[in-house]
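Some notes on the structure that comes next.
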Amino acid sequence: MESLKKLKIEASILNADYLHLGDEIKRAVDAGADFIHLDVMDGNFVPEITFGQTMIKHIIKHSDIPVHAHLMIQNTDEQLPSYIKTGADLIIIHAESSRQMYRCLQLIKNNNIKAGLALNPATPISYIENVLELLDYILIMTVEPGFGGQLLIESMLLKIKNALRIIEEYGKKTGKIISCDIGVDGGINEQTIKKVVNAGANIIILGTALYNSNEPAKVVSNIRKTAENTLII
Ligand code: DX5
Ligand code: ZN
C-alpha cells in the first residue's frame, strides 16, 4: 500500500534540558520539526513524572509550531477535561488508561481539538475498530512508554501495517474515508526510519535522535530524505 501522506516530524522534548525549555523548543523548530510532542508522565501509568497542564500552557506560548500532548497518565477519564483546557492542538490518550474511551475521544473532538489514540506494544490493534470514526491520529508505541532512548520493537512494524489495513477495510465497508495519521513513538532514528515508513507510518516522533545530536537540523533533513526515498510496499 502506498502512503500518500507526507512525512511529518514531531520533536519530543522528553530528553531536552528542562531548565532551558524555551531554547530547546526553538532548537526543534529551527531544526525543521513540524510539531512539538509533549510526553506527560504521572509516575503511575509510567514510572516517572515529567510535567502537567501548567507546563503545557507555558510551552504553547513559546512554540511557533503546533503542540501535541501525549498523555501517559493513569486516570484519563478524570483528568482529560483539564488537559483540554491547555490549548494543545492534538491530545493523544492511551487505550490502557481509559474506561470510557469513546466518550473521551468525543470530548476532545467536541472541543475542536484533534484526537489521538495511543496503543502500548501489547495492546491489540483491533482496539481502533470501534472508535475509528473519532480518530485523527493513531500512535503506535514502538517501545514501552516511559523512557526515551529505547530500541524500537520490530514486531510493531506489522502492527502499523495492520492499522492501515483496518482503516482501508473500514472505508470499503462504510463508504467513509478516514483520514487518520499513523504516528510511531520510540526508537526512531536515522537507522530505523526506513522500516517504519515502509510499514506505513506518516508521523514520527523524535526524542533522543534529535536532542542528543549536535546537528539536529541535519538529523531532520536526513530523516526526511530517507523517508522520501523509501518505497512503501
Ligand atoms: C516514550 C515517549 C517518547 C520518547 C521517544 O514514552 O512517549 O515520546 O520521548 O524518545 P526516543 O525517540 O528517544 O525513543
Ligand atoms: Zn510520546
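When a ligand or atom number is given, it counts from 1 through the structure's own listing order. What's counted below: heavy atoms across the whole structure, side chains too, no hydrogens, waters or symmetry copies.
Close approach of ligand 1 to M141 is summarised as follows: ligand atoms under 4.0 Å from at least one heavy atom of the residue are 7 (O). Annotation for ligand 1: atoms under 4.0 Å from non-hydrogen atoms of H70 are 7 (O). Short contacts between ligand 1 and T208, defined as distances under 4.0 Å to a heavy atom of the residue, involve ligand atoms 11 (P), 12 (O), 13 (O). Residue-ligand proximity, G186 to ligand 1, at heavy-atom distances under 4.0 Å covers atoms 14 (O). Contact atoms of ligand 1 toward H37: 8 (O) (distance under 4.0 Å to a heavy atom of the residue). Interface atoms of ligand 1 facing M72, defined by a heavy-atom separation under 4.0 Å, are 6 (O), 7 (O).
Closest protein heavy atom to atom 9 (O) of ligand 1: S12 OG, 2.9 Å. With respect to atom 12 (O) of ligand 1, the closest heavy atom belonging to the protein is G207 N, 2.9 Å. Protein heavy atom nearest atom 1 (C) of ligand 1, with residue, atom name and distance: F147 O, 3.7 Å.
Under 4.0 Å from ligand 1, the heavy atoms of D39 that appear belong solely to its side chain. Counting heavy atoms closer than 4.0 Å to ligand 1, residue P145 contributes atoms from both its backbone and its side chain.
Residues D89 and H68 have side chains that never bring a donor and an acceptor to within less than 3.5 angstrom of each other.
A heavy-atom separation below 4.0 Å is not found between E144 and ligand 1.
In summary, of the residues considered (T142, T192, L152), a side-chain contact (heavy atoms from CB on, under 4.5 Å) with V184 occurs for T142 alone.
Comparing L151, D185, I205, L38 by heavy-atom distance to atom 5 (C) of ligand 1, the nearest is D185. Evaluated by nearest non-hydrogen atom to atom 14 (O) of ligand 1, the leading choice among G187, G146, G148 is G187.
With salt bridges taken as basic N to acidic carboxylate O contacts below 4.0 Å, none links D34 and K6. Taking a cutoff of 4.0 Å between a charged side-chain nitrogen and a carboxylate oxygen, R99 and E78 qualify as a salt bridge. Look at E228 and R224 and you find no salt bridge, because none of the NZ, NE, NH1 or NH2 atoms lies under 4.0 Å from a carboxylate O. Comment: D181 does not engage K114 in a salt bridge, judged by the lack of any side-chain N to carboxylate O separation of less than 4.0 angstrom.
For K109, the NZ atom is densely surrounded, since the number of other residues' heavy atoms within 6.0 Å is greater than 12.
By the 4.5 Å heavy-atom criterion applied to side chains, I167 and I182 are counted as neighbours.
Shortest non-hydrogen contact noted between G200 and L164 is CA-CD1, 3.5 Å.
Angle subtended at the Zn ion (ligand 2) by D185 OD2 and H70 ND1: 90°, rounded to 10 degrees. Rounded to the nearest 10 degrees, the angle NE2 (H37) to the Zn ion (ligand 2) to OD1 (D39) equals 90°.
Considering backbone and side-chain atoms together, G149 places an N or O closer than 3.5 Å to an N or O of ligand 1. The shortest N or O to N or O distance between Q150 and ligand 1 is not below 3.5 Å.
A donor-acceptor pair is defined here as one N or O able to donate and one able to accept, closer than 3.5 Å; no such pair exists between the side chain of R27 and the backbone of P216.
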- [ ] Quick one: do T226 and E190 satisfy side-chain hydrogen bond (donor to acceptor under 3.5 Å, both in side chains)? Show the steps, please.
- [x] CA-CA 8 Å; T226 310; E190 289 177 65; over 6 Å; no
